[in-house]
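Before any comments, here is the structure.
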Amino acid sequence: MSAKITIIGAGSVGATIAYNLAQQAFASEIVLIDINKQKALGEVLDIEQGSYFRKPIKVTCGEYEDAKDSDIVVITSGIARKPGQTRLELVQTNVNIIKSITPQIVSVAPKALYIIVSNPIDILTYVFTKISGLPEKQILGSGTSLDTARLRCVLSKKLNIAQNNIKAFIFGEHGDTSFVPWSTATVEGVPVDDYVEMMKKMGRPVEDLDKDAIIDEVRKAGGVVIANKGATFYAICNAVVDLCATLVSASESVAAVSSMMHGEYGVDDVCLSCLTIIGPDGVVGKVPMQMTDEEVALMQKSADALKAVISEIEL
C-alpha cells in the first residue's frame, strides 16, 4: 500500500521521521506542517533533494488543509524536554498545543489513523482521544514502543544475543512508573531467567540480570541521551516509522503502544501501554497477557500516577 502521511511538527523528531519515511517504499506522499514554516520548508527541501535516490515520492511543506486524505497523521508538536526535566513537567504547555492542533487537523483528516508522539505521550493521547471526536480505534500513542526497544538493547548486551531474539516489553506509562512484566520475558520462548542459567552452564558470556537496575537504566535512557546531545530523535523516529509500516501492512501486528483502557488489568479511562493489536484498521484490541498479581499492581500504579496528572490539567 502507498500511504499519504502527514507529520505535524518539524522539530528534530518530526523532521527525522519525515526523512526516514522518505526512504520507505510504503510512503508515497509526506506532508510536513509546522508553525515555523521556514523551518518546515527547509526540512522538506533537504529531504526532497535527496529523493532522486528512491522511487518517486511527493514531499511538501503544507498547511492543515494539505493533510486531506491522509492515511496516517503523526503529531510531534510540543516543547522539547530539557535536561533534568521530567516528561510530566511538560504537561500543561503541551496539552494546550495539542488542544490547538486537534480541531484543525481532525476537520481535514477525519479518517486518518493518528499516532501521538509528543510528550507526555500518554497524557496527550488521552487528551486527543477525549477532544477529537474520533473513534478510539483511530488513535494510539507511540507509548512504550521506544522503551521496549531500549529494554531489548540493554538485554541484548547482557545476554550476548541479538535484540530480535528477545521478547520482553515495557508496560505502563512512558515515564517513571513504567515496568517490565518479567514473568512474560523470553528469549525465543525460553523464560529469560532460565536462559541465563542455560547459557552459564554452556560457558557462554552472559550477565546476571539485576532487574531493578535494568528498568532504572531504561527509564533514564532518554535523559542520558538528552544530557549528552540535547535531544532524542533517532530511536523514537525508528519506533514511529515501524508503527506507520504496521498501520499500512496487509496484516495486524502486536506492539506496546498507548491507547484508551477499558478495564484491562483493572485499569479504566486512561491511556497507557500494554500489548495491543494494531493494523490497517487502527487499534483492534488488547492482548490479555497473564501477568503476576504484582505486575498487575504495577500497571494500576502507573495508571494512578497518570490519572493524578490528568486531574490537575485543564482539558
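Count residues from 1 along the sequence.
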Given the rule that I, L, V, M, F, W and Y join up when any side-chain heavy atoms are under 4.5 Å apart, are I57 and Y52 in one cluster? no

With hydrophobic residues grouped by side-chain heavy-atom distances under 4.5 Å, do I313 and Y126 end up in a single group? yes

With sequence neighbours excluded, residues passing side-chain hydrogen bond (donor to acceptor under 3.5 Å, both in side chains) with T177: E173, S302

Determine whether a donor-acceptor pair (N or O, by modelled atom type, separation under 3.5 Å) exists between the side chain of T276 and the backbone of C274. yes

Do I116 and T76 make a side-chain contact, defined as non-hydrogen atoms from C-beta onward lying under 4.5 Å apart? no

Is there a side-chain contact between K201 and M198 (heavy atoms, below 4.5 Å)? no

Look only at the side chain of D66 and the backbone of E63, and say whether a donor-acceptor pair between them is shorter than 3.5 Å. yes

Check: G143 main-chain N/O paired with S258 side-chain donor or acceptor under 3.5 Å: no

Quick one: is the NZ or CZ of R152 closer than 6.0 Å to the six-membered ring centre of F169, and within 45° of its axis? yes

Keeping the roles fixed (side chain from E264, backbone from H262), state whether a donor-acceptor pair exists under 3.5 Å. yes

Side-chain contact, heavy-atom cut-off 4.5 Å: D304 with L306? no

When you compare the side chain of L159 with that of L209, does any pair of heavy atoms fall below 4.5 Å? yes

Does any pair with a residue in residues 154-163 pass side-chain hydrogen bond (donor to acceptor under 3.5 Å, both in side chains), and if so which ones, sequence neighbours excluded? K158-E207

Whether D193 and K211 form a salt bridge (side-chain N of Lys/Arg under 4.0 Å from carboxylate O of Asp/Glu) is what I want to check. yes

Would the number of heavy atoms belonging to other residues, nucleotides or ligands and lying under 6.0 Å from CG of N164 be above 12? yes

Out of D147, T125, D122, which one pairs with H174 under the side chain to side chain donor-acceptor pair (under 3.5 Å) rule? D147

When you measure from the centre of the six-membered ring of F233, is the NZ or CZ of K229 closer than 6.0 Å and no more than 45° off the axis? yes

Please examine the side chains of I75 and I98, heavy atoms only from C-beta on, and report whether any two atoms are closer than 4.5 Å. yes

Can you confirm if the NZ or CZ of K99 lies within 45° of the ring axis of F128 and under 6.0 Å from the centre of its six-membered ring? no

If you group Ile, Leu, Val, Met, Phe, Trp and Tyr by side-chain heavy-atom gaps below 4.5 Å, do V31 and L41 land in one group? no

Main chain of A40, side chain of D34: is a donor-acceptor contact present, judged purely on distance under 3.5 Å? no

R150 vs E217 side-chain heavy atoms within contact, under 4.5 Å: no

For T144, is there any backbone N or O sitting under 3.5 Å from a side-chain donor or acceptor partner on S273? yes

When you group the ILVMFWY residues by side-chain heavy-atom contacts below 4.5 Å and let the links chain together, are V91 and L315 in the same group? yes

How close do A256 and T148 get, counting heavy atoms only, and between which atoms? CB-OG1, 3.8 Å

Assess whether side-chain contact (heavy atoms from CB on, under 4.5 Å) is satisfied between K130 and I310, documenting all intermediate values. CA-CA 12 Å; K130 288 293 186 181; I310 291 170; over 6 Å; no

So how far is it from F26 CZ to T246 OG1, rounded to the nearest 0.5 Å? 8.5 Å

Looking at D71 and K4, would you say the former's side chain and the latter's main chain have a donor-acceptor pair under 3.5 Å? yes

Counting C-beta onward and ignoring hydrogens, is there a side-chain heavy-atom pair between T93 and V95 closer than 4.5 Å? no

Distance col, row Y64:OH vs Q104:CD, nearest 0.5 angstrom, shows 4.5 Å

Atom NZ of K220 and atom CD1 of I226: how far apart are they, to the nearest 0.5 Å? 14.0 Å

Would you say the side-chain atoms of S70 pair up with the backbone N or O of I5, donor to acceptor, closer than 3.5 Å? no

Check: T60 and I30 side chains under 4.5 Å, non-hydrogen atoms: no

Value rounded to 0.5 Å, distance of CD1 in I214 from CD1 in I170: 9.5 Å

From E43 atom CD to L32 atom CG, the distance as rounded to the nearest 0.5 Å: 7.0 Å

Quick check on the hydrophobic clustering: are V154 and V224 connected, directly or via other members, by side-chain heavy-atom contacts under 4.5 Å? no

Just by distance, do the side chain of S259 and the backbone of L140 share a donor-acceptor pair under 3.5 Å? no

For the side chain of T292 and the backbone of E295, is there at least one donor-acceptor N/O pair under 3.5 Å apart? yes

What's the separation between atom CD1 in I8 and atom CD1 in I105, rounded to the nearest 0.5 Å? 4.0 Å

Give every donor-acceptor pair under 3.5 Å between a side-chain atom in residues 10-21 and any protein atom, sequence neighbours left out.
unit_1	atom_1	unit_2	atom_2	d
T16	OG1	S12	O	2.5
N20	OD1	Q24	NE2	2.8
N20	ND2	N238	OD1	3.0

Pick from L272, I278, V283: which one makes a side-chain contact (heavy atoms from CB on, under 4.5 Å) with V257? I278

Heavy-atom closest contact (S51 atom, E48 atom, distance): OG-O, 2.6 Å

